[in-house]
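The structure appears right after this line, and notes come after that.
Chain letters run A, B, ... following the sequence lines, proteins first and then strands; every chain starts at 1.
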2 protein chains.
Amino acid sequence: MKKDMDRMIIPKPAIVRLSTLYVLLENLEAEGKSMIYSAEIGKLLGVPSHTIRKDISFLRQAGTGNGYEITNLKNIIAEYLGFNKYKKACIVGMGRLGTVITTKNGFYSNQYAVVAGFDNNPEKIKKGRNDMDLYPMSKLKEVIDREQIKIGIITVPQSSARKVANELIDCGIKGIINFSPVLIEINREDVFIRNIFIAGEFNILSALISQYENKQTLGE
Amino acid sequence: MKKDMDRMIIPKPAIVRLSTLYVLLENLEAEGKSMIYSAEIGKLLGVPSHTIRKDISFLRQAGTGNGYEITNLKNIIAEYLGFNKYKKACIVGMGRLGTVITTKNGFYSNQYAVVAGFDNNPEKIKKGRNDMDLYPMSKLKEVIDREQIKIGIITVPQSSARKVANELIDCGIKGIINFSPVLIEINREDVFIRNIFIAGEFNILSALISQYENKQTLGE
DNA sequence: GACTGTGAAGTAGTTCACAGCA
DNA sequence: TGCTGTGAACTACTTCACAGTC
């Protein structure tokens, strides 16, 4: 296996941390801050400073030796991880959840670019929105092709989630954020899925709390 | 380090997978299915069958050698990971998102037990709900103590998320699911937080897609 | 002088491969 | 025969520690 290629393969957990760091940097930039240190980033992200330095070192071009210039670091991350390449997303399911998470100045505000919404209920399409275009499901392929969308968000009920995921993939979508309360698994290594699975989160917390208590009891 | 204690410490990723598996088993049980094999679970969860077998083997009591009896496996997981211990949660922020994710027969339905909702806007409390009790923020400690709640969900805007998290922890909450678009970090090893950070998910997908494309181009 | 950058060392998690069981 | 269960081997990730930089 070659190791000295221009662009090394970054470990997945590092990608996840850097992706989160990017959003953090955007916020700090908006607050007017200009420099930041690895120790500070670590505190904000809840990981040790050496992990941050290591993650940034995978990018092979960041530092000046004394802290990071926020705008610069942000741009390097975006360029290296390809954020600028795939900005556009579409959402399928314009029910209450779909509406909440895509409303500008709403809960998740304008942090990402959802350019098209789909629903098979014509009533939901008819309402219209002034910040994104709404279409019936029949237009899925046409719009995804035209807008070159690579990311899809699923906010349809459980019963149709799997079907919608397949449709999105058939239309060329390469990344899916699934909010429906069912796990979607993808047997293709070229399509990535992030399941936002709240019932699971709930159980994970119960388990972590119990484990912690057991560990305490065992005296370790 | 002792290795042969009754209840071994399970790796965190395994806890996460088992917690998710539990929800999956609940669904399968509801569909009337009674047996399942590791290969099948693996396919549904998107991980290899040996990972599943290994995860289950940490529980030290599951198998009969030929598939898993769903109800039995479910109960073993719940018992081992302590799901039955901490069932109750509360939610802070009864805005649109908070309402959507806690409405029964709504998007996330009745898969978890949110027993109390809090908001500092009296209008939102006044509306009332027939499936959970609503309170002003001033009742936080009282209700959490009385109901022995250990898990809190945060659906307040960015600006007050950090403050609410601290209040929850002061009231004895040990696990937090944070939906607000800001990372909350906790410097205590006895409190766990799961950040549902959608802008981050979006970036993660962009990055994974780009990485994949780079890997392909490099010919690996 | 204080911080970063990064090979090397260490640790945690995953995969293998096969023995054991129904 | 077909599946699970699990130490052992392996791989991936994290942490260390210190040389390099401003």
Side-chain angles (χ1 to χ4, degrees), chain A residues 1-21 25 34-70 72-73 76-77 80 189 204 207-208 211 215 220, chain B residues 1-5 7-21 25 34-70 72-73 76-77 80 204 207-208 211 215 220:
Chain A
M1 198 208 288
K2 277 196 287 181
K3 268 206 164 181
D4 312 283
M5 39 205 177
D6 297 294
R7 210 165 258 265
M8 79 199 292
I9 299 304
I10 303 178
K12 219 166 162 173
I15 292 181
V16 171
R17 282 189 301 268
L18 286 168
S19 300
T20 313
L21 172 56
L25 293 174
S34 70
M35 288 297 290
I36 195 159
Y37 304 100
S38 62
E40 207 174 346
I41 297 174
K43 238 190 118 200
L44 288 165
L45 252 53
V47 293
S49 66
H50 50 243
T51 302
I52 294 300
R53 290 205 303 281
K54 185 66 169 179
D55 288 349
I56 293 173
S57 90
F58 289 127
L59 310 177
R60 302 282 152 179
Q61 51 177 309
T64 62
N66 200 325
Y68 304 94
E69 207 280 295
I70 287 178
N72 187 241
L73 180 56
I76 288 168
I77 293 173
Y80 204 97
E189 64 161 6
I204 289 165
L208 291 173
Q211 279 276 309
K215 214 162 44 174
E220 216 207 352
Chain B
M1 197 206 289
K2 276 195 289 181
K3 268 207 162 181
D4 313 283
M5 38 204 179
R7 209 164 259 265
M8 77 198 295
I9 300 305
I10 303 177
K12 218 166 162 172
I15 292 181
V16 171
R17 283 190 299 268
L18 286 167
S19 300
T20 313
L21 172 55
L25 293 174
S34 69
M35 289 296 290
I36 195 160
Y37 304 99
S38 62
E40 208 175 346
I41 297 174
K43 237 190 116 199
L44 288 165
L45 252 54
V47 293
S49 65
H50 50 243
T51 301
I52 295 299
R53 290 205 302 280
K54 186 66 169 179
D55 289 349
I56 293 173
S57 90
F58 289 126
L59 310 176
R60 303 281 152 179
Q61 51 176 307
T64 62
N66 200 324
Y68 304 95
E69 207 280 295
I70 288 178
N72 186 241
L73 180 56
I76 288 168
I77 293 172
Y80 205 97
I204 289 165
L208 291 174
Q211 279 277 308
K215 216 162 44 175
E220 214 203 0

Assess whether side chain to side chain contact (heavy atoms under 4.5 Å, CB included) is satisfied between A/Leu44 and A/Ile41, documenting all intermediate values.
CA-CA 5 Å; A/Leu44 288 165; A/Ile41 297 174; 5.8 Å; no
A/Ile41 has an atom CD1; how far is it from atom C1' of C/dG5, in whole Å?
14 Å
Could you please name the option among C/dT15, D/dT4, C/dT6 that lies closest to any side-chain atom of B/Lys54?
C/dT15
Checking contacts here: which listed nucleotide (D/dT15, D/dC13, D/dT4) is nearest the side-chain heavy atoms of A/His50?
D/dT15
Side-chain atoms of A/Arg17 come closest, of D/dT4, C/dT6, D/dT14, to D/dT14
Heavy-atom closest pair, residues A/Arg17 and A/Leu45
O-CD2, 4.0 Å
Respond yes when some side-chain nitrogen or oxygen of A/Thr51 is under 4.0 Å from OP1 or OP2 of D/dT14, and no when none is.
no
B/Ile56 has its side chain closest, among D/dG5, C/dC3, D/dC13, to D/dG5
Roughly how many Å is it from CD1 in B/Ile10 to C1' in D/dT6, rounded to a whole number?
15 Å
Just compare C/dT4, C/dC18, D/dT14 and give me whichever is closest to any side-chain atom of B/Arg53.
C/dC18
Between A/Ala14 and B/Ala39, the residue closer to the 5' end of DNA chain D by nearest nucleotide is B/Ala39
Length of the CZ-C1' vector between A/Phe58 and C/dT4, whole Å
15 Å
Verdict with reasoning, A/Ile56 to A/Ile77, per side chain to side chain contact (heavy atoms under 4.5 Å, CB included)
CA-CA 8 Å; A/Ile56 293 173; A/Ile77 293 173; 5.7 Å; no
So does B/Tyr68 get a side-chain nitrogen or oxygen closer than 4.0 Å to the phosphate oxygens (OP1/OP2) of D/dG5?
yes
Nearest-Å distance for atom pair CD1/C1', residues B/Ile52 and C/dT14:
12 Å
Determine the contact category for A/Lys12: base if any of its heavy atoms lies under 4.0 Å from a base atom, sugar-phosphate if only primed atoms, P, OP1 or OP2 are that close, otherwise nothing.
sugar-phosphate
Verdict with reasoning, A/Tyr68 to A/Arg53, per side chain to side chain contact (heavy atoms under 4.5 Å, CB included)
CA-CA 10 Å; A/Tyr68 304 94; A/Arg53 290 205 303 281; 4.0 Å; yes
Could you state the CD1-C1' distance from A/Ile36 to C/dA2, rounded to the nearest angstrom?
16 Å
B/Leu59 CG to D/dT6 P, in whole Å, measures 10 Å
Quick one: closest heavy-atom pair of B/Tyr37 and B/Asn66, and the distance?
CE2-OD1, 3.7 Å
A/Asn66 CG to D/dC22 P, straight-line distance once rounded to whole Å:
10 Å
To the nearest angstrom, how far is A/Ile76 atom CD1 from C/dT4 atom C1'?
13 Å
B/Pro11, nearest nucleotide to its side chain (from D/dT4, C/dT6, C/dG13):
C/dG13
